K.L.:
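Here you go, one structure.
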Amino acid sequence: MGVCEQLYNMLPLVAVLLPLCTAEIVDITAYHGKIVDRHNEIRREVGASDMRQMAWSDDLSKSAENWVMSCQYERAPSYISDCGQNLFYTNRFVESWGGIDRTIRKAIAAWDGDRAFFRYGKDCGSACAYSQIVWSTTTSVGCAMNRCYRMQTGAFEKYYTTLFACFYSPKGEMTNDFPFTPGVACTQCPLGAMCEAGLCRTQALQAQIVHGPEVAPGVGAVDNVPVRVPVTEPPVVPSVCFANMTTQEVHFILLVTNNLRARDSAYPVTWSDELEQWANYVIRCDIEYPGPRTAYTNFGKTGATSLLYQLVYDWGDEGSTVTTLLTRGCRTPGDAATCNHNTNLMAATNTRMGCAACMCGLQRQLTCIYDSKTV
């Protein structure tokens with residue numbers, strides 16, 4: 001047990017001084033493998049020569065659980081924790097498997113989104129959450145989720161929230177050192193480490209993975225690596241084309257959409273797994289099938305290597321004129337009105353959205369659906 005976990009033995013004594021509230025821990029055991037996989041995917045993307053592979057730590061998970069039980073949206077103070085920490089909350093109680101998956105995905109996407117502000121140096125600046133994820137010497141992560149009836153965030157209180165935290169060890173020295181060494185993957189791994197999928201795996205890490213997280217009941221494992229548990233509900237209906245979007249693409253498409261809506265003083269929308277599944281169902285390369293009759297639908301194509309969110313910016317540039325001939329179309333609820341992509345984006349009644357993308361030769365198709373249902 002490391003220093004970080006030893007310090008957490010103090011928490012029961014400290015907790016009486018904290019503004020504790022009624023809380024309910026959410027079981028995320030089935031998602032351990034997904035959390036580790038996504039962290040390692042992000043770590044591979046930075047172009048580091050010394051990036052270690054990350055594995056699950058039950059001790060860190062317990063430490064994170066102890067902290068989220070305090071229902072405080074702030075990092076645990078140094079006299080309690082010597083771990084790296086990332087926090088996220090959502091303004092509702094998470095109940096279903098899909099809700100847990102969505103919250104975890106949004107949390108990691110939000111932390112990864114800090115890369116837009118990342119500047120390589122000895123100070124994490126405005127990208128500390130991202131810097132912790134890509135800290136090259138960090139090898140362990142453990143997370144926990146808690147439903148908080150009352151949560152303290154600074155001087156304010158929020159009610160009926162779900163708090164999610166990931167703890168990391170060794171933690172990143174955010175103001176004293178560089179997060180990683182740029183270069184060809186695995187060219188500066190520690191002595192005795194092996195290169196696996198662009199990340200350095202040490203013998204200690206191998207032992208940690210072998211004895212790592214339990215898999216959900218009924219879920220098999222191959223070579224002691226947990227199999228990712230399918231958590232989508234209801235099941236995704238297969239599309240006729242290969243449809244996929246990364247967590248980061250989902251994050252930035254939603255972010256750009258809401259930035260454009262804010263420009264016109266429209267209320268923000270939230271991401272809907274239901275509409276995402278609809279989009280995956282109707283998306284085609286050559287035929288523009290709309291979503292539900294009660295929804296707005298946008299269709300577009302961009303280069304196979306282009307950033308999808310740039311297409312959303314292009315949609316926002318179409319303004320309010322709906323008589324211009326479009327290269328790719330749009331549909332309004334029940335085909336009751338004319339539209340362009342921007343007027344669909346800006347529809348005042350929209351409360352949620354979901355998109356899908358698929359490869360179409362040298363282009364990529366994007367289909368986005370918007371509606372006014374409450375989340």
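Remember, it's a predicted structure, so these values are computed and weren't measured experimentally.
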K.L.:
Rounded to the nearest 0.5 Å, what separates atom CD in Glu157 from atom SG in Cys148?
P.N.:
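Reported value, rounded in 0.5 Å steps: 11.5 Å.
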
K.L.:
Please check if Tyr296 and Met353 belong to a single hydrophobic cluster, counting links between Ile, Leu, Val, Met, Phe, Trp and Tyr side chain heavy atoms closer than 4.5 Å.
P.N.:
yes

K.L.:
Assign the ring pair Phe93 / Tyr160 to parallel, tilted or perpendicular, where the plane angle (0 to 90°) is split at 30° and 60°.
P.N.:
perpendicular

K.L.:
I'd like to know whether Gln53 forms a side-chain contact (heavy atoms from CB on, under 4.5 Å) with Asn40, so could you lay out the CA-CA distance, the side-chain angles of the two residues, the decisive distance to 0.1 Å, and finally the verdict.
P.N.:
CA-CA 6 Å; Gln53 190 177 89; Asn40 282 329; 3.8 Å; yes

K.L.:
Please tell me whether Val134 and Phe117 are part of a single hydrophobic cluster in this structure, the criterion being side-chain heavy atoms less than 4.5 Å apart.
P.N.:
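Not linked; separate clusters.
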
K.L.:
Ignoring hydrogens and angles, state whether a donor on the side chain of Asp58 or Trp56 is under 3.5 Å from an acceptor on the partner side chain.
P.N.:
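Yes, side-chain donor-acceptor contact under 3.5 Å.
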
K.L.:
Kindly say whether Thr161 contributes a backbone atom to a donor-acceptor pair with the side chain of Arg147 at under 3.5 angstrom?
P.N.:
no

K.L.:
According to a 4.5 Å side-chain heavy-atom criterion applied to Ile, Leu, Val, Met, Phe, Trp and Tyr, with indirect links allowed, do Met51 and Phe178 form part of one hydrophobic cluster?
P.N.:
yes

K.L.:
Salt bridge or not between Asp273 and Arg102? Use side-chain N to carboxylate O under 4.0 Å.
P.N.:
yes

K.L.:
Test side-chain contact (heavy atoms from CB on, under 4.5 Å) on Asp114 and Phe118 and set out the steps.
P.N.:
CA-CA 6 Å; Asp114 277 1; Phe118 177 75; over 6 Å; no

K.L.:
So, does Thr90 use its side chain to make a donor-acceptor pair with the main chain of Thr162 at under 3.5 Å?
P.N.:
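A pair under 3.5 Å: no.
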
K.L.:
Can you find a side-chain donor-acceptor pair between Gln85 and Arg75 that sits under 3.5 Å?
P.N.:
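No, Arg75 and Gln85 have no side-chain donor paired with an acceptor closer than 3.5 Å.
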
K.L.:
Working note: Leu163 + Met145, criterion side-chain contact (heavy atoms from CB on, under 4.5 Å); need CA distance, chi angles, decisive distance, verdict.
P.N.:
CA-CA 6 Å; Leu163 179 61; Met145 184 181 293; over 6 Å; no

K.L.:
Using modelled atom types only, decide if a donor and an acceptor are shared between the side chain of Arg201 and the backbone of Ala193 within a distance under 3.5 Å.
P.N.:
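No: the side chain of Arg201 does not pair with the backbone of Ala193.
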
K.L.:
Check for a donor-acceptor pair, side chain of Trp111 on one end and backbone N or O of Ser131 on the other, with a separation under 3.5 Å.
P.N.:
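Judged by distance alone, no pair lies under 3.5 Å.
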
K.L.:
Side-chain contact test, heavy atoms from C-beta onward, threshold under 4.5 Å: evaluate it for Val68 versus Ile25 and give yes or no.
P.N.:
yes

K.L.:
Report yes or no: does Trp67 contribute a side-chain atom to a donor-acceptor pair with the main-chain N or O of Glu74 at less than 3.5 Å?
P.N.:
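Yes; judged by distance alone, with no hydrogens or angles, the pair exists.
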
K.L.:
Between Phe156 and Leu87, is there shared hydrophobic-cluster membership here, with clusters defined by ILVMFWY side-chain heavy atoms closer than 4.5 Å?
P.N.:
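Different clusters.
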
K.L.:
Could you give me the CA-CA distance, side-chain angles and deciding distance for Val46 and Phe180, then say whether side-chain contact (heavy atoms from CB on, under 4.5 Å) is met?
P.N.:
CA-CA 9 Å; Val46 302; Phe180 54 83; 4.1 Å; yes

K.L.:
So, does Ser61 use its side chain to make a donor-acceptor pair with the main chain of Cys143 at under 3.5 Å?
P.N.:
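Looks like yes, one N/O pair under 3.5 Å.
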
K.L.:
State, without any angle test, whether Tyr130 and Gln132 hold a side-chain donor-acceptor pair at a distance under 3.5 Å.
P.N.:
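Checked: Tyr130/Gln132 side chains show no N/O donor-acceptor pair below 3.5 Å.
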
K.L.:
Nearest 0.5 Å please: distance from the CD1 atom of Ile28 over to the CD1 atom of Ile100.
P.N.:
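Separation between the atoms: 8.5 Å.
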
K.L.:
Measure centre to centre between the rings of Phe88 and Phe164, then say whether the value is under 6.0 Å.
P.N.:
no

K.L.:
About how many Å separate CG of Leu275 and OG1 of Thr297, when rounded to the nearest 0.5 Å?
P.N.:
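So the gap between those two atoms works out to 9.0 Å.
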
K.L.:
Can you check disulfide bond (SG atoms under 2.5 Å apart) on Cys195 and Cys200, steps first, answer last?
P.N.:
CA-CA 5 Å; Cys195 184; Cys200 306; over 6 Å; no

K.L.:
Under a plain distance cut-off of 3.5 Å, with no hydrogens placed, do Gln365 and Arg328 share a side-chain donor-acceptor pair?
P.N.:
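Side chains of Arg328 and Gln365: pair found under 3.5 Å.
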
K.L.:
For the residue pair Asp50 / Thr181, report whether a side-chain donor-acceptor contact shorter than 3.5 Å exists.
P.N.:
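Yes.
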
K.L.:
Does the pair Arg352/Glu276 count as a salt bridge with the N-to-O cut at 4.0 Å?
P.N.:
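No, no charged N to carboxylate O under 4.0 Å.
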
K.L.:
His341 vs Trp315 aromatic rings, parallel, tilted or perpendicular, using cut-offs 30° and 60°?
P.N.:
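Parallel.
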
K.L.:
CZ/Arg364 to CE/Met359 distance, rounded to the nearest 0.5 angstrom?
P.N.:
7.0 Å

K.L.:
Using 4.0 Å as the upper bound for N to carboxylate O, is an ion pair formed by Arg293 and Asp371?
P.N.:
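No, this pair does not count.
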
K.L.:
I'd like to know if the side chain of Lys301 and the backbone of Cys285 have a donor-acceptor N/O pair within less than 3.5 Å.
P.N.:
yes

K.L.:
What I want to find out is whether Arg38 reaches Glu41 closely enough, with some N-O distance under 4.0 Å, to be called a salt bridge.
P.N.:
yes

K.L.:
Any sub-3.5 Å donor-acceptor pair from Arg43's side-chain atoms to Leu199's backbone N or O?
P.N.:
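Side chain of Arg43 to backbone of Leu199, a donor-acceptor pair under 3.5 Å: no, none is there.
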
K.L.:
Salt-bridged, Arg115 to Asp112, with N to O below 4.0 Å?
P.N.:
yes

K.L.:
Mind checking what makes salt bridge (Lys or Arg N to Asp or Glu O under 4.0 Å) contact with Asp335, not counting sequence neighbours?
P.N.:
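Counting only residues at least two positions away or on another chain, Asp335 forms a salt bridge (Lys or Arg N to Asp or Glu O under 4.0 Å) with Arg331.
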
K.L.:
Calculate, to the nearest 0.5 Å, the distance between atoms CG and CZ belonging to Asn259 and Arg263 respectively.
P.N.:
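With rounding to 0.5 Å, CG (Asn259) is 10.0 Å from CZ (Arg263).
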
K.L.:
In terms of side-chain heavy atoms, does Asn350 have a donor or acceptor partner in Tyr267 at a distance below 3.5 Å?
P.N.:
no

K.L.:
Heavy atoms, side chains only, cut-off 4.5 Å: are Glu65 and Lys62 in contact?
P.N.:
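They are in contact (side-chain heavy atoms under 4.5 Å apart), so the answer is yes.
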
K.L.:
So, the side chain of Asn258 versus the backbone of Val269: is there a donor-acceptor pair under 3.5 Å, distance only?
P.N.:
yes

K.L.:
With distance as the sole criterion, is a donor-acceptor pair present between the side chains of Asp59 and Ser57 under 3.5 Å?
P.N.:
no

K.L.:
Identify whether Phe299 and Leu307 are in the same connected component of the hydrophobic contact network (ILVMFWY, side-chain heavy atoms under 4.5 Å).
P.N.:
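No, no single cluster joins them.
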
K.L.:
Does Thr270 reach the side chain of Thr351, with side-chain heavy atoms less than 4.5 Å apart?
P.N.:
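A side-chain contact under 4.5 Å is absent here.
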
K.L.:
For the ring pair Phe252 and Tyr309, is the centre-to-centre distance below 6.0 Å?
P.N.:
yes

K.L.:
For Thr29, is there any backbone N or O sitting under 3.5 Å from a side-chain donor or acceptor partner on Asp27?
P.N.:
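Present.
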
K.L.:
Is any side-chain heavy atom of Thr343 closer than 4.5 Å to a side-chain heavy atom of Thr321?
P.N.:
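Thr343 vs Thr321: side chains apart.
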
K.L.:
To the nearest 0.5 angstrom, please state how far the OH atom of Tyr370 sits from the OG atom of Ser272.
P.N.:
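So the gap between those two atoms works out to 13.0 Å.
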
K.L.:
Contact between Thr139 and Pro170 at the side-chain level, heavy atoms closer than 4.5 Å - yes or no?
P.N.:
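Yes; the side chains approach each other to less than 4.5 Å.
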
